[in-house]
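In what follows, a structure is listed as structure tokens, so that the remarks can point back to it.
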Amino acid sequence: MDVTSPEGEQRYAALVRAAAATVVGLDFDGTLSPIVDDPERAHIHPAARDVLVALSREVRAVAVITGRPARQVLDLGGLEEVGTAMAEAGSELHVFGQYGNERWSSSRRRILSPRPPRGLATFERELPRLLREHDASAAYVEDKGLAVAVHTRRLPQPEEAFAALLPALTGLAERHDLVVEPGRNVVEVRSPGMHKGVAVRTLAEELQAGGFLFAGDDLGDLQAFEALGELAAEGIATLRVCSASQEESALQELADLVVPGPDGVLGLLARLTEDARAART
């Protein structure tokens, strides 16, 4: 574990003391699952199920907060099974899909979702022409129902294509009252007003959290980190964890702890489980 702020270990120790009242929020891609070229072939870390179920016995709740659709991440991560195991352990799993627009929990077992944003259908109709104009027709376009994601990872020069497409996609999105969420070689277009920071605050308030850990890896997790800063100012124990990669470093300077990808995240959560159990006994 790499401490990236002088307060990193102190914040971790405070979270251990508040473990019984702590909510653990986790991104999916790059945090619980390795990044892959085809987002439909992502797979959760093989240790995730056992680690998350054991962790759930020591904390108030565990939540997966992702840009993916809730149904997709439930299937890819086997999270319904994980939620069942957590329920048997007396805890609950929450899933916030599409940056918080969709919700699922192991107690309710159904996805709550709004209607697609106005303007998204027109944006999708105009998107192929924009991609042709930027020699990016081969970019993978993912229809998420409430959002559209344009992936450049499969293109011959993915970083250069991303840099060229981002301003063009931003302009097209703004014309339809939509916002963009840039990530690792992907630009997501969706409705404004909802982001991972809102999901964090919602969970903290609903569950009366006395502590909050959030682990993420990408630009879409910045607002969750900002929400943890607000919670810390209110006296809640918080820990911002960056799942580090060579592709994105935006979170590292803001993180309390930096760990090496999904392996490091699961290792940290296992350590938290052990330390919280020891503190309790």
Side-chain angles (χ1 to χ4, degrees), residues 18-29 31-33 39-40 42-45 48-117 120 142-147 181 188 190-191 193-216 220-221 223-224 227-228 231 236 265-266 269 272-273 276:
T22 290
V23 177
V24 175
L26 304 163
D27 176 38
F28 187 76
D29 293 283
T31 302
L32 286 177
S33 168
E40 296 180 359
H43 55 87
I44 198 167
H45 191 285
R49 181 191 183 281
D50 291 343
V51 170
L52 294 179
V53 173
L55 174 66
S56 73
R57 297 188 178 99
E58 306 300 330
V59 299
R60 180 153 295 173
V62 177
V64 176
I65 305 173
T66 174
R68 284 183 180 268
R71 171 47 54 193
Q72 187 181 67
V73 79
L74 284 166
D75 293 341
L76 290 174
L79 295 180
E80 288 182 289
E81 178 186 349
V82 174
T84 298
M86 285 186 182
E88 294 172 353
S91 187
E92 188 169 20
L93 175 66
H94 300 263
V95 173
F96 283 69
Q98 305 216 41
Y99 294 90
N101 279 303
E102 297 178 327
R103 292 192 63 174
W104 177 94
S105 71
S106 54
S107 60
R108 294 184 178 178
R109 294 280 170 174
R110 65 188 183 95
I111 297 170
L112 303 178
S113 177
R115 293 184 177 182
L120 187 63
E142 181 184 7
D143 186 343
K144 295 186 173 184
L146 302 179
E181 187 75 60
E188 182 161 321
R190 55 187 174 83
S191 59
M194 178 56 74
H195 51 72
K196 292 186 180 183
V198 175
V200 165
R201 293 297 308 229
T202 298
L203 275 171
E205 293 168 8
E206 290 181 355
L207 301 178
Q208 297 181 323
F212 209 116
L213 179 155
F214 183 84
D221 301 310
Q223 287 159 317
L228 259 64
L231 294 177
I236 294 175
V265 171
L266 272 297
L269 297 180
L272 175 61
T273 300

Query raised in the report: Any donor-acceptor pair under 3.5 Å linking the side chain of R49 with the backbone of E81?
Result: no
Query - L146 versus N101, closest heavy-atom pair with distance - result: CD1-CB, 3.8 Å
Query raised in the report: Taking NZ, NE, NH1 and NH2 as the nitrogens, is one of them in K144 or E181 under 4.0 Å from a carboxylate oxygen of the other?
Result: no
Requested in this report: Measure from the side-chain N and O atoms of S33 to the backbone N and O of D29, and report whether any donor-acceptor pair falls under 3.5 Å.
Outcome: no
Report task. Applying side chain to side chain donor-acceptor pair (under 3.5 Å), name anything that partners E92, two or more places apart in sequence or on another chain. Result -> S105, S107
Requested in this report: Mind listing the closest non-hydrogen atom pair of L79 and W104 along with its distance?
Outcome: O-CH2, 4.2 Å
Query raised in the report: Under the side chain to side chain contact (heavy atoms under 4.5 Å, CB included) criterion, do R108 and R103 qualify, and how do the steps go?
Result: CA-CA 10 Å; R108 294 184 178 178; R103 292 192 63 174; over 6 Å; no
Report task. Find out whether F28 and I44 are in side-chain contact, i.e. whether some heavy atom of one side chain is under 4.5 Å from a heavy atom of the other. Result -> yes
Query raised in the report: With no hydrogens and no angle check, is any side-chain donor or acceptor of S106 less than 3.5 Å from a backbone partner on L93?
Result: yes
**Report entry** Within-4.5 Å side-chain heavy-atom neighbours: M194 and Q98
**Finding:** no
Query - Main-chain N/O of H195 paired with Q223 side-chain donor or acceptor, under 3.5 Å - result: no
Report task. Taking all non-hydrogen atoms of both residues into account, name the closest pair between L32 and L266 and its distance. Result -> CD2-CD2, 4.0 Å
Query raised in the report: Between R71 and E80, is the closest basic N to carboxylate O distance under 4.0 Å?
Result: yes
**Report entry** L231 side chain near R201 side chain, heavy-atom distance below 4.5 Å
**Finding:** yes
**Report entry** Over all atoms of both residues, closest heavy-atom pair of V59 and S91
**Finding:** O-OG, 4.2 Å
Query - Minimum-distance pair of heavy atoms, taken over all atoms of R68 and L76 - result: NH1-CD1, 3.3 Å
Report task. Output the distance between atom CG (L213) and atom OG1 (T22), rounded to the nearest 0.5 Å. Result -> 8.0 Å
Query raised in the report: To the nearest 0.5 Å, what is the distance between CD (Q72) and CG (L74)?
Result: 10.0 Å
Report task. Drop me the distance from K196's NZ to T202's OG1, to the nearest 0.5 angstrom. Result -> 14.5 Å
Query raised in the report: Checking side chain to side chain contact (heavy atoms under 4.5 Å, CB included) for the pair H94/L207: CA distance, chi angles, key distance, verdict?
Result: CA-CA 11 Å; H94 300 263; L207 301 178; 4.0 Å; yes
Report summary line: One should read off an interatomic distance between F214 CZ and D221 CG, to the nearest 0.5 angstrom, of 4.0 Å
Query raised in the report: Are there more than 12 heavy atoms of other residues, nucleotides or ligands under 6.0 Å from atom CZ of R109?
Result: yes
Query raised in the report: If you take all heavy atoms of G25 and I65, which pair is closest and at what distance?
Result: CA-CD1, 4.5 Å
